[in-house]
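Every heavy atom of this structure was used, including side-chain atoms; hydrogens, water molecules and symmetry mates were not. Keep in mind it's a predicted model, so treat the numbers as computed, not measured.
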Amino acid sequence: GKVLVDSATPIFLPSQDVLTFDQCLHLIHPDDRKRAVEHRRRCLDSVRHLGKEQSLPVPEISLRICRTNEDIRWVLVRGTLLSNDNGRPCRVLGTVTDVTDRKKAEVGLRETEDRLMTIMNHSPASIFLKDTRGCYLYVNPAFERNFREKKEHILGKTDFEIFAPEQAAAFTANDRQVFEDGAPRTFEEIAAREDGPQTSIVHKFPLLDKDGRIHAIAGIVTNITDRKRAEEKLKEREERFRMALDAGRMGVWDWEPISGKLTWSNEYFTLMGVDPSSVDPLTYSSWAKLVHPEDYPRAKECMETAIAEKKLYHCEYRVVRPDGSHICGGGCGEPMFDKNGECVRVMGVIRDITEQKRAEHSLRAALTELGQLKAQVEAENVYLRKELKGSRFPEFYIGESAGMTKVGQQVDQVAGTDMTVLIVGETGVGKELVARAVHQNSSRRDKALVTVNCSALPAEMVVSELFGH
């Protein structure tokens, strides 16, 4: 029942070179004692049928030894059980190795693995490991969610057993590049899903063993489907915006007054007739040189007023292109201010209004000409009225005979009275013209003259038509 301790091994207390089993048990950490007793029992049970003078290696066990309250050491116990002449176990020869440092390293490694596993399990990116055959060794929960497959249905399988043949072939080809290059690679991969294709950025890299050979490949998958869709929508909007600018012959500009930096869209360069590569850097003076000298002071004042009064900028000015041609530009923009009220940016558009200005000029010329014609017509009208006033009724007929003169005198006699006048004559001699002359010279000349074709009325309807029902 005694334990002989090699004094050269400073695991136990130096003064104790002979210990009983109970003393040894007392040195074992309380949490490990039950396990130590159970291990001893199993070892003894395993050699009941051992022959005489035979030996049998016993399983090793790791325990903690408490040398003091603060000095706790991990030890690895190995031994061989010997039997006597009767075949009964009589002695155990073994070694006790201090493995504290190794245990601490294992604990540190385990903690590191736990932290790494926690990170992988909570990462929003899909993470996977594959062996050299392409079989999945590990996938994190995000991988399961993104690809809508349980881990149990993924591990041990290749891409061809999980995905459609075409996309599995693409995944495998990318894996093969990483194996061949032995270096990390980044790919854009597309996986089919029920709700539409899923686009991902996949960063794949090799894992090396202690001899530097690739034994696995790891991958981090970032789903960029929403970003791709947003980029496509943005591209569509930009394309529509560009088409609108082209259709409206407009360009966009962006000016930072503090730094003097100026940015033009491609359409702006086109309107200005400037090659983008010929202006670097693009500044306020680059724009000022293109403005017609007669218009520049007004354009500058409009910009300064808009900034000073914090209102929208609007100005029309002529542009002199590098090739000598001219266009009329209509610029408008909005100044932006920081919290201190200082203008930090002005953004706006310029529109080619050359055709509009030409149309306005043509319209003004036409209106001027029309006004001149109107004045001429009015002058001629006044002249004719003066000429017409020389006769009683030259507006209706022309005649200077004695008969016509007598008719004119009779018209003058009855026109000034408030009497009913009966005009008699053959058909076609101008009775209606005489009636109009009477009306024109009467006090009722400012009122309407109502004429009725009596010959067109049935005999039985004459009274009702002329005098009412």
Side-chain angles (χ1 to χ4, degrees), residues 35 59-62 74 76 78 97 99-229:
R35 187 162 54 87
E60 62 183 31
I61 183 173
S62 296
W74 276 96
L76 178 63
R78 298 188 182 95
T97 306
V99 293
T100 304
D101 294 338
R102 189 179 75 183
K103 278 291 183 180
K104 289 181 179 179
E106 290 176 354
V107 171
L109 179 61
R110 191 180 307 111
E111 292 176 352
T112 300
E113 291 176 347
D114 291 342
R115 286 194 294 267
L116 180 60
M117 190 59 63
T118 301
I119 294 173
M120 295 173 69
N121 288 338
H122 292 84
S123 172
S126 302
I127 302 174
F128 65 85
L129 296 177
K130 295 180 184 177
D131 61 19
T132 54
R133 299 172 300 163
C135 296
Y136 282 91
L137 303 175
Y138 167 82
V139 294
N140 70 338
F143 191 101
E144 298 179 78
R145 292 192 300 269
N146 287 340
F147 293 96
R148 300 181 179 179
E149 286 285 352
K150 291 295 183 181
K151 178 169 59 177
E152 294 76 13
H153 301 153
I154 299 175
L155 298 183
K157 295 181 180 179
T158 65
D159 289 323
F160 288 95
E161 297 175 274
I162 303 173
F163 303 104
E166 290 185 0
Q167 67 185 52
F171 296 167
T172 304
N174 294 339
D175 294 347
R176 191 178 302 112
Q177 288 189 40
V178 176
F179 281 117
E180 292 175 354
D181 298 343
R185 295 288 301 271
T186 300
F187 307 93
E188 182 175 305
E189 296 181 347
I190 299 177
R193 290 201 328 191
E194 295 178 357
D195 56 349
Q198 173 183 286
T199 305
S200 302
I201 294 295
V202 185
H203 182 68
K204 298 182 177 181
F205 51 94
L207 299 180
L208 309 179
D209 59 18
K210 62 180 181 179
D211 297 322
R213 291 191 296 266
I214 300 176
H215 69 91
I217 183 175
I220 301 176
V221 184
T222 303
N223 190 340
I224 60 169
T225 304
D226 293 339
R227 189 180 78 185
K228 273 287 185 181
R229 291 172 180 170

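- For the pair Thr100 and Lys103, the minimum side-chain heavy-atom distance is 4.5 Å or more.
- Put simply, the side chain of Val221 does not reach to within 4.5 Å of the side chain of Ile127, judged on heavy atoms.
- Taken from OG in Ser126 to CD1 in Ile220, the straight-line distance is 10.5 Å, to the nearest 0.5 Å.
- In this model, no donor atom of one side chain and acceptor atom of the other lie less than 3.5 Å apart for Asn146 and Gln198.
- Distance check, rounded to the nearest 0.5 Å: CG of Leu207 to OG1 of Thr132 gives 11.5 Å.
- Partners of Phe147 under the ring-ring contact (aromatic ring centres under 6.0 Å, His included) rule, at least two apart in sequence or in another chain, are Phe143, Phe163.
- Between Arg102 and Leu76 the shortest side-chain heavy-atom distance falls below 4.5 Å.
- Separating the CD1 atom in Ile154 from the SG atom in Cys135 is a distance of 13.0 Å, to the nearest 0.5 Å.
- Note: Phe160 CZ to Thr172 OG1 = 4.0 Å, rounded to the nearest 0.5 Å.
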Can you give the donor-acceptor pairs under 3.5 Å from side chains of residues 104-114 to other protein atoms, not counting sequence neighbours?
| unit_1 | atom_1 | unit_2 | atom_2 | d |
| --- | --- | --- | --- | --- |
| Thr112 | OG1 | Gly108 | O | 2.8 |
| Thr112 | OG1 | Arg115 | NH2 | 3.3 |

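- Considering CG of Asn174 and CZ of Phe187, their distance stands at 4.0 Å, rounded to 0.5 Å.
- You'll find the side chain of Lys228 stays beyond 4.5 Å of the side chain of Thr225, heavy atoms only.
- Sparse packing is recorded around CD of Glu166, with 12 or fewer heavy atoms of other residues, nucleotides or ligands lying under 6.0 Å away.
- Within the 4.5 Å cutoff, the side chain of Gln167 has no heavy atoms near those of the Ile190 side chain.
- With sequence neighbours excluded, the residues that form a salt bridge (charged side-chain N to carboxylate O under 4.0 Å, His left out) with Glu60 are Arg78.
- Scored by the ring-ring contact (aromatic ring centres under 6.0 Å, His included) test, Phe205 finds His203 as partners (sequence neighbours excluded).
- For Asp101, the salt bridge (charged side-chain N to carboxylate O under 4.0 Å, His left out) test picks out no residue, with sequence neighbours left out.
- Every residue meeting the salt bridge (charged side-chain N to carboxylate O under 4.0 Å, His left out) condition with Asp175, not counting sequence neighbours, appears here in chain and number order: Lys130, Lys204.
- When all heavy atoms of Phe171 and Asp159 are compared, the pair lying nearest together is CB-OD2, 3.4 Å.
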